[in-house]
There are 2 protein chains.
Amino acid sequence: MGLRDYEQPSVTTDIVIFSIIDDDLKVLLIKRGVEPFKDQWALPGGFVRMGEALEDSARRELSEETGLENVYLEQLYTFGDVKRDPRGRVITIAYMALVDGKNIKLKASTDAKEVKWFSVKNLPKLAFDHEKILSYSLKRLRWKFEYTCVGFSLLPKKFTISSLQKIYEIVHNKEFDKRNFRKKLFSLGILKEEGMEEDVGYRPAKLYSLKCSPDKVVEII
Amino acid sequence: MGLRDYEQPSVTTDIVIFSIIDDDLKVLLIKRGVEPFKDQWALPGGFVRMGEALEDSARRELSEETGLENVYLEQLYTFGDVKRDPRGRVITIAYMALVDGKNIKLKASTDAKEVKWFSVKNLPKLAFDHEKILSYSLKRLRWKFEYTCVGFSLLPKKFTISSLQKIYEIVHNKEFDKRNFRKKLFSLGILKEEGMEEDVGYRPAKLYSLKCSPDKVVEII
DNA sequence: ACAAAAGTGTTGAGAGTACACCCATGC
DNA sequence: GCATGGGTGTACTCTCAACACTTTTGT
């Protein structure tokens with residue numbers, strides 16, 4: 001029996017890009033330039049090309065909106081409700097990316113009139129089932145923060161302990177004790193010393209980098 | 001721009017059905033009755049129908065092979081390598097089901113010549129990328145066992161503490177201390193008393209049921 | 001009385017939590 | 001010398017791990 005004996009749905013990838021900007025957890029949204037949902041905010045995404053692996057499709061979207069490559073990217077979940085797209089049956093594979101917010105220049109792409117960071121505390125109404133996708137990603141993000149090193153991906157390669165602590169405080173929306181946070185991190189043996197900060201207007205902090213993969217399972221908090 | 005302006009891949013669901021039978025972790029495989037990979041073992045699966053939600057497709061496969069409904073089912077991951085199917089571009093959404101091994105009558109379905117439980121320690125060569133899918137599921141299974149109540153889904157509604165402990169020992173392939181295991185479980189407050197075993201040839205044990213959802217996050221071990 | 005599995009407590013070690021002060025630098 | 005964030009130690013609590021014997025039932 002051949003493949004064409006079955007009707008085929010369309011397949012897209014959508015990508016939830018998180019970053020920390022101005023001490024706030026933000027997500028990147030685009031304003032749609034085409035129907036359906038023209039002029040509404042939505043997650044960046046697009047059709048998977050025939051010869052393109054799923055992750056490559058997500059990376060392509062990511063790069064089109066942010067110009068970034070080599071960032072942390074993980075497949076989240078596949079959403080395939082029959083009526084999630086008014087054009088017909090469209091199944092979407094959602095990805096989550098974590099990027100270092102500094103040094104990103106946003107560029108509006110072909111399908112998007114506008115590209116903007118939104119605080120997760122203050123989101124607009126979203127197209128399709130993107131609210132569902134986003135709320136799922138937020139759960140996953142918080143959860144992965146506790147059990148893995150993914151949080152480090154929101155920072156530059158070399159970072160200070162207190163910048164890392166701030167990231168954790170923002171994502172979990174609560175404060176941690178400085179001494180306990182440092183003690184825990186050092187005890188995990190995942191940090192490598194990388195010299196000192198320079199040219200800051202106060203006592204320079206030590207810089208560290210991550211020795212292990214961001215996916216490594218460790219209980220950070 | 002319409003959906004048909006893009007070539008469309010085919011979409012299937014595959015399902016990894018785990019059970020504990022004869023004190024061993026088993027997975028259900030079918031022997032394929034059609035090309036490609038005719039006569040090779042594979043995970044049960046099939047094309048997603050146009051008006052069918054993804055999870056419904058997986059439940060349909062599950063029911064076709066085992067006759068079971070209302071079992072624990074979770075979406076795992078979506079595999080979409082360009083060359084994973086020799087017929088063309090086929091993206092598959094993998095699901096994992098956990099079933100109580102007793103009282104299952106297997107039935108060969110239309111696409112399958114044979115249906116059989118295999119020990120995860122002794123698997124045959126599998127069709128497509130099903131070895132990758134299976135190895136991913138095993139990781140996820142062990143991991144979910146530690147952090148959630150999913151393990152209970154491998155048992156009947158009412159179970160004894162020692163049958164539960166045995167499940168955990170089989171999945172993690174190591175032994176646990178009886179007193180510590182019981183203490184931990186009781187301290188979680190997720191068990192409800194359900195009377196006693198009857199007609200066993202030794203001291204009857206108390207029966208319990210699970211008060212919470214199998215997905216509830218608790219550190220069991 | 002014996003076989004088979006059920007059920008039960010204590011102790012020691014290690015991890016987590018709470019808590020406050022001095023230090024290095026730039027201006 | 002002062003403002004800014006960097007860096008450090010201790011005591012208490014709680015959880016986890018190790019460990020062996022008595023109880024109940026059927027035969």
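Here is how names work: the chains are called A, B, and so on, in the same order as the sequence lines, proteins then strands, and each is numbered from 1.
- Between the CG atom of A/Leu188 and the P atom of C/dA15 there is a distance of 11 Å, rounded to whole Å.
- For C/dA6, the OP1/OP2 oxygens have a side-chain nitrogen or oxygen of B/Ser162 closer than 4.0 Å.
- A straight line from CZ of B/Arg182 to C1' of C/dA5 spans 10 Å, rounded to a whole angstrom.
- Positionally, the nearest nucleotide of DNA chain C for B/Lys178 lies more toward the 5' end than for the other of B/Lys178 and A/Lys183.
- Of all heavy-atom pairs spanning B/Tyr208 and B/Glu194, the tightest one is C-CG, 3.9 Å.
- Atom pair A/Asp199:CG and C/dA24:P shows a separation of 19 Å (rounding to whole Å applied).
- Using the six-membered ring where Trp is involved, B/Phe128 and B/His130 have ring planes that are tilted, between 30° and 60° apart.
- Counting to the nearest Å, the P atom of C/dT10 and the CG atom of B/Asn180 are 14 Å from each other.
- With hydrogens and angles ignored, no donor-acceptor pair under 3.5 angstrom links the side chain of A/Lys184 to the base of C/dT17.
- Within 4.0 Å (heavy atoms only), B/Lys206 reaches sugar-phosphate atoms of the nucleic acid but no base atom.
- Taking atom NZ of residue B/Lys166 and atom C1' of nucleotide C/dA5, one finds them 10 Å apart after rounding to whole Å.
- Once rounded to the nearest 0.5 Å, the distance linking CG of A/Asp23 with CD1 of A/Ile170 reads 4.5 Å.
- For the pair B/Tyr202 OH and C/dG7 C1', the computed distance is 14 Å after rounding to whole Å.
- When each of B/Glu219 and A/Ala205 is assigned the nucleotide of DNA chain D with its nearest heavy atom, A/Ala205 is the one assigned upstream, toward the 5' end.
- Under the 30°/60° scheme for interplanar angles, the aromatic rings of A/Trp143 and A/Tyr147 are found to be tilted.
- Between A/Tyr77 and A/Tyr136, the ring planes lie tilted relative to each other; the angle falls in the 30° to 60° range.
- Annotation: of the two residues near DNA chain C, A/Arg203 and A/Ser187, the 5′-most nearest-nucleotide partner is A/Ser187.
- Counting non-hydrogen atoms of neighbouring residues, nucleotides and ligands closer than 6.0 angstrom, the NZ atom of B/Lys166 reaches no more than 12 such neighbours.
- Judged by distance alone, the side chain of A/Glu69 and the main-chain N or O of A/Ser63 form no donor-acceptor pair under 3.5 Å.
- For the pair A/Arg179 CZ and C/dC22 P, the interatomic distance rounds to 13 Å; values are reported in whole Å.
- Bracketed by its first and final contacts, the part of DNA chain D lying under 4.0 Å from non-hydrogen atoms of chain A reaches from D/dT4 to D/dT10 in 5' to 3' order.
- We find that CE of B/Met196 is positioned 9 Å from C1' of C/dA6, with the value rounded to whole Å.
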